[in-house]
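Written out below as structure tokens is the structure these notes cover.
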Amino acid sequence: HIVKNDGDSRRVSRLTSRIINSSVLPGGKNQYFTIDELKKIFGEDIEDIITSETRTVDLITRVNNSLKDIQIPYLLRINAVQPSVHGRIVGDTYYVITLGEKDDQTEFSRHDVDFSMVGEGTRSIISLLMQIEIHRAENRRTPCVLTIREFENHLHPSLIGRFFKYLVKRTLETNIDLIVETHSEIILRTLQTIIKNSKDDIDGENLDVKRVAIYYVDKKNSGDSTIEQLNLTSNGYFEKAPPKEFFDINSNLIKEMIDD
């Protein structure tokens, strides 16, 4: 979590996402996290919230509502554990992170799963959602840039588009700008549909095409790279044909399958 100044001397906060891998998490089940380990997963500002039960409940409620919107069947819980001897608190507070697997019928969790035992994609989504909601709670007036490298990593194809669409909607409701590096056709196609739906006022989407910039980076044999800006129309179409061997890969594979 980095705070810098922009060209107009305004404070700009930047959230940088990363895949939450096993090296960040203590080993084994039923993990106990220190506050420093929580900050590695959810960002520095978690410390200001986690000490307040009311603010923690509000934060987790917001994240669980987001998980529901994205159709991820988990309920996040973070419980504080205070070591004690004969009723006397000794040592630092530790935290246990669990995910309750939701029952399709009742919306209640059937059983809990340890945070370390779910896939890296799910852990990363929860980390991102926590960072966004913490920023909303702590730095609502501070402009923010959220950067995500290789958005599609460790995510099921059907989840890539849903999560990206949700992030666009959620960040539009805040002062967070989104920068995504991707190799995924799904991301760009989803962005095109968001632009089109915004023009047609479908699903309440309202992303102005003027707020969108797409840059295509192509590495040459010489080792140098070229950067080309790809513009979209208000209908979601590219103004000119995008580079070959990106969007046509899937269609070429299908054509190869059906050709006699």
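- By the rule that hydrophobic residues join a cluster once side-chain heavy atoms approach within less than 4.5 Å of another member, M130 and I35 end up as members of one cluster.
- Using a 4.5 Å heavy-atom cutoff, the side chains of I125 and L159 are in contact.
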Item to check | Derivation of the side-chain contact (heavy atoms from CB on, under 4.5 Å) call for L230 and Y215 | outcome: CA-CA 6 Å; L230 307 177; Y215 297 95; over 6 Å; no

Checklist entry - Please walk me through it: do S184 and F151 pass side-chain contact (heavy atoms from CB on, under 4.5 Å)? => result CA-CA 8 Å; S184 171; F151 183 99; over 6 Å; no

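- Counting heavy-atom neighbours within 6.0 Å of E53 CD, excluding the residue itself, gives a total of 12 or less.
- Two residues are said to be in side-chain contact when any heavy atoms from C-beta on lie closer than 4.5 Å; V113 and E101 meet this criterion.
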Item to check | Residues T226, K220; criterion side-chain contact (heavy atoms from CB on, under 4.5 Å); working and verdict | outcome: CA-CA 8 Å; T226 60; K220 304 299 182 183; 3.6 Å; yes

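- A side-chain contact (heavy atoms from CB on, under 4.5 Å) with E152 is found for exactly one of I160, I186, V180, namely I160.
- Both V209 and F238 sit in one connected hydrophobic cluster of ILVMFWY residues. Membership requires side-chain heavy atoms under 4.5 Å apart, directly or through other members.
- The shortest side-chain heavy-atom distance between T182 and I148 does not fall under the 4.5 Å cut-off.
- Under the 3.5 Å distance criterion, the side-chain polar atoms of E47 are left unmatched by any main-chain donor or acceptor of E44.
- Between atom CG of residue D69 and atom NZ of residue K169 there is a gap of 6.5 Å, rounded to the nearest 0.5 Å.
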Next on the checklist: side-chain contact (heavy atoms from CB on, under 4.5 Å) for I126 and F115? Distances and angles first, verdict last.
Outcome noted: CA-CA 10 Å; I126 291 173; F115 185 67; 4.2 Å; yes

Item to check | N235 and T233: CA distance, side-chain angles, deciding distance, side chain to side chain donor-acceptor pair (under 3.5 Å) verdict | outcome: CA-CA 5 Å; N235 291 317; T233 68; 4.7 Å; no

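- L99 places a side-chain heavy atom less than 4.5 Å from the side chain of L76.
- Salt-bridge check for D36 with K40: failed, with every basic side-chain N at 4.0 Å or more from each acidic carboxylate O.
- Between atom CD1 of residue I195 and atom CG of residue D208 there is a gap of 7.5 Å, rounded to the nearest 0.5 Å.
- Across D112 and G100, no two heavy atoms sit closer than the pair OD1-CA, 3.5 Å.
- In the hydrophobic clustering of this structure, I214 groups with Y216; members are Ile, Leu, Val, Met, Phe, Trp, Tyr whose side-chain heavy atoms approach within less than 4.5 Å, directly or through other members.
- Within the 4.5 Å cutoff, the side chain of I179 has no heavy atoms near those of the E181 side chain.
- Note that CG of N153 is 8.5 Å distant from OG of S124, once rounded to the nearest 0.5 Å.
- Side-chain N or O atoms of T56 include none that pairs as donor or acceptor with a backbone N or O of T51 at under 3.5 Å.
- With contacts defined as side-chain heavy-atom distances shorter than 4.5 Å, the pair I60/N64 qualifies.
- Between S198 and N206 the shortest heavy-atom distance is OG-N, 3.5 Å.
- Atom CG of N65 is separated from atom OG1 of T61 by 6.5 Å, given to the nearest 0.5 angstrom.
- In this structure a side-chain-to-backbone donor-acceptor pair under 3.5 Å is missing from N79 to V96.
- R136 has a carboxylate O that lies under 4.0 Å from a charged side-chain N of E133, or vice versa, which qualifies the two as a salt bridge.
- Residues I72 and M117 are members of one and the same hydrophobic cluster, defined by side-chain heavy-atom contacts under 4.5 angstrom among Ile, Leu, Val, Met, Phe, Trp and Tyr.
- Distance alone, capped at 3.5 Å, is enough to place a donor-acceptor pair between the S127 side chain and the I41 backbone.
- With rounding to the nearest 0.5 Å, the separation of CD1 in I194 from CZ in R189 is 14.0 Å.
- Within the 4.5 Å cutoff, side-chain heavy atoms of D177 are placed close to those of R211.
- Not one N or O on the side chain of S52 forms a donor-acceptor pair closer than 3.5 Å with the backbone of D48.
- For the atom pair D224 CG and K219 NZ, the distance stands at 9.5 Å (nearest 0.5 Å).
- I134 pairs in a side-chain contact (heavy atoms from CB on, under 4.5 Å) with only one of the listed residues (I49, L129, I50, V63), which is I49.
- Under the 4.5 Å side-chain heavy-atom criterion for Ile, Leu, Val, Met, Phe, Trp and Tyr, L232 and Y237 are members of distinct hydrophobic clusters.
- Taking the side chain as every heavy atom from C-beta outward, V118 and R123 approach each other to under 4.5 Å.
- Although no hydrogens or angles enter the test, the distance criterion places no donor-acceptor pair under 3.5 Å between the side chain of R77 and the main chain of T98.
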